[in-house]
Amino acid sequence: MEKDSSLRTILYVFLLLIVSNVFVISAWYLNLKFDQLGIVSAILMSWGIAFCEYWFHIPANRLGHKGPFTTAKLEIAHLIVNMSVFVVLLKVYFNKVVSFNEALAFLCILGAIVSISFDYKDLDLEQLIDNQ
Amino acid sequence: MTTILLFVCATTFMNIAWYAHLKFKGLWMPWAVLGSWGIAFFEYCIRIPANRIGHGQFTIAQLQIAYLVVNLFVFLIFLKLYFGETPSKNEWISFLFLIGAGYFGYLG
């Protein structure tokens with residue numbers, strides 16, 4: 001029973017992270033499509049898209065933290081979702097596919113994330129902050 | 001180089017926006033969301049110009065790789081400031097991976 005509910009939490013956290021990362025990637029890069037847009041309008045547009053991001057990201061962190069996630073695991077989950085969403089949206093928005101070297105670079109980042117996650121899988125920022 | 005420096009500033013604001021609210025656990029969630037979004041305004045004021053400046057010389061994927069590498073370095077430095085230990089074996093391995101990512105990203 002307990003296993004079921006934590007699996008459900010993991011699923012919800014990943015769904016929330018996927019939605020929030022769609023907004024993140026859009027906020028960061030969609031403005032490059034409209035380069036005739038003034039810089040101030042571009043900043044406001046991106047910040048506006050980011051408004052939607054936070055309604056999914058903060059609940060994902062809070063929900064995950066109540067469930068089986070430490071802060072470090074949440075950050076790792078976020079980074080992996082972030083890279084996957086990026087590759088999909090690059091195709092959708094700009095009709096571009098990552099090159100071979102760029103794919104190798106993403107794999108290296110994944111390697112870096114996995115290797116530090118051995119050290120920090122139990123790290124909890126909330127506890128760190130509480131102890132300060 | 002300007003792009004990378006701007007990314008370092010933007011990433012710092014982003015990490016504050018994402019994690020500072022953990023300190024205020026009693027805070028009603030909508031306030032946490034709005035507070036984080038407010039901090040993120042400064043992030044965007046830096047990030048959007050950084051992407052625009054960088055887009056001339058980098059591909060969009062290279063910008064994303066640069067951001068991820070900078071973000072992980074900022075995160076690791078933040079952890080070092082908290083723990084003050086020398087990097088472990090796994091951290092050295094991850095530094096090597098990050099350098100590799102930077103290299104392949106640079107090749108494009």
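As the structure is a prediction and not an experimental result, all values here were calculated from the model.
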Indicate yes or no: at least one non-hydrogen side-chain atom of [X] is less than 4.5 angstrom from one of [Y].
| X | Y | answer |
| --- | --- | --- |
| Pro30(B) | Trp55(A) | yes |
| Leu79(A) | Asn71(B) | yes |
| Ile113(A) | Phe97(B) | no |
| Ser36(B) | Ile58(A) | yes |
| Cys108(A) | Ile65(B) | no |
| Arg52(B) | Asn31(A) | yes |
| Thr59(B) | Lys96(A) | no |

Once you round to the nearest 0.5 Å, how far does [atom1] of [X] lie from [atom2] of [Y]?
| X | Y | atom1 | atom2 | answer |
| --- | --- | --- | --- | --- |
| Tyr29(A) | His55(B) | OH | NE2 | 10.5 Å |
| Leu32(A) | Leu63(B) | CG | CG | 7.0 Å |
| Glu75(A) | Leu72(B) | CD | CG | 7.5 Å |
| Leu68(B) | Met83(A) | CG | CE | 6.0 Å |
| Leu98(B) | Ser115(A) | CG | OG | 8.0 Å |
| Ile60(B) | Phe86(A) | CD1 | CZ | 6.5 Å |

Open item on the list: Restricting to non-hydrogen atoms, name the atom on Ala61(B) and the atom on Phe106(A) that form the minimum distance, rounded to 0.1 Å.
Closed with: O-CZ, 4.3 Å

Under a 4.5 Å heavy-atom cut-off, does chain B meet the side chain of [X], its backbone, both or neither?
| X | result |
| --- | --- |
| Ala27(A) | both |
| Ile25(A) | side chain |
| Phe100(A) | neither |
| Ile49(A) | neither |
| Ser46(A) | both |
| Phe51(A) | both |

same_hphob_cluster([X], [Y]) at 4.5 Å side-chain heavy-atom cutoff:
| X | Y | value |
| --- | --- | --- |
| Tyr103(B) | Leu96(B) | no |
| Phe56(A) | Leu34(B) | yes |
| Leu5(B) | Val70(B) | no |
| Val85(A) | Ile10(A) | yes |
| Ile109(A) | Val88(A) | yes |

- [ ] Name the option with the most non-hydrogen atom pairs under 4.5 Å to chain A; the candidates are Gln64(B), Lys89(B), Arg47(B).
- [x] Gln64(B)

Open item on the list: Let's test your reading of the structure: which of Gly102(B), Ala50(B), Cys45(B), Gly105(B) forms the most heavy-atom pairs below 4.5 Å with chain A?
Closed with: Cys45(B)

- [ ] Begin from the C-alpha positions of Trp28(A) and Tyr44(B) and carry the test side chain to side chain donor-acceptor pair (under 3.5 Å) through to its verdict.
- [x] CA-CA 8 Å; Trp28(A) 290 351; Tyr44(B) 280 90; 3.3 Å; yes

Task: Near-ring test Trp37(B)/Trp47(A), centroid separation under 6.0 angstrom - done: yes

Task: Residue selection (most heavy-atom pairs with chain B, distance under 4.5 Å) from Leu90(A), Leu44(A), Ile39(A) - done: Ile39(A)

Open item on the list: A quick test of your reading: do over 12 heavy atoms of other residues, nucleotides or ligands sit less than 6.0 Å from OH of Tyr12(A)?
Closed with: no

Open item on the list: Check this for me: Phe94(A), atom CZ, are more than 12 non-hydrogen atoms of other residues, nucleotides or ligands nearer than 6.0 Å?
Closed with: yes

Open item on the list: Need one label for Gln62(B): side chain, backbone, both or neither, based on atoms under 4.5 Å from any heavy atom in chain A.
Closed with: both

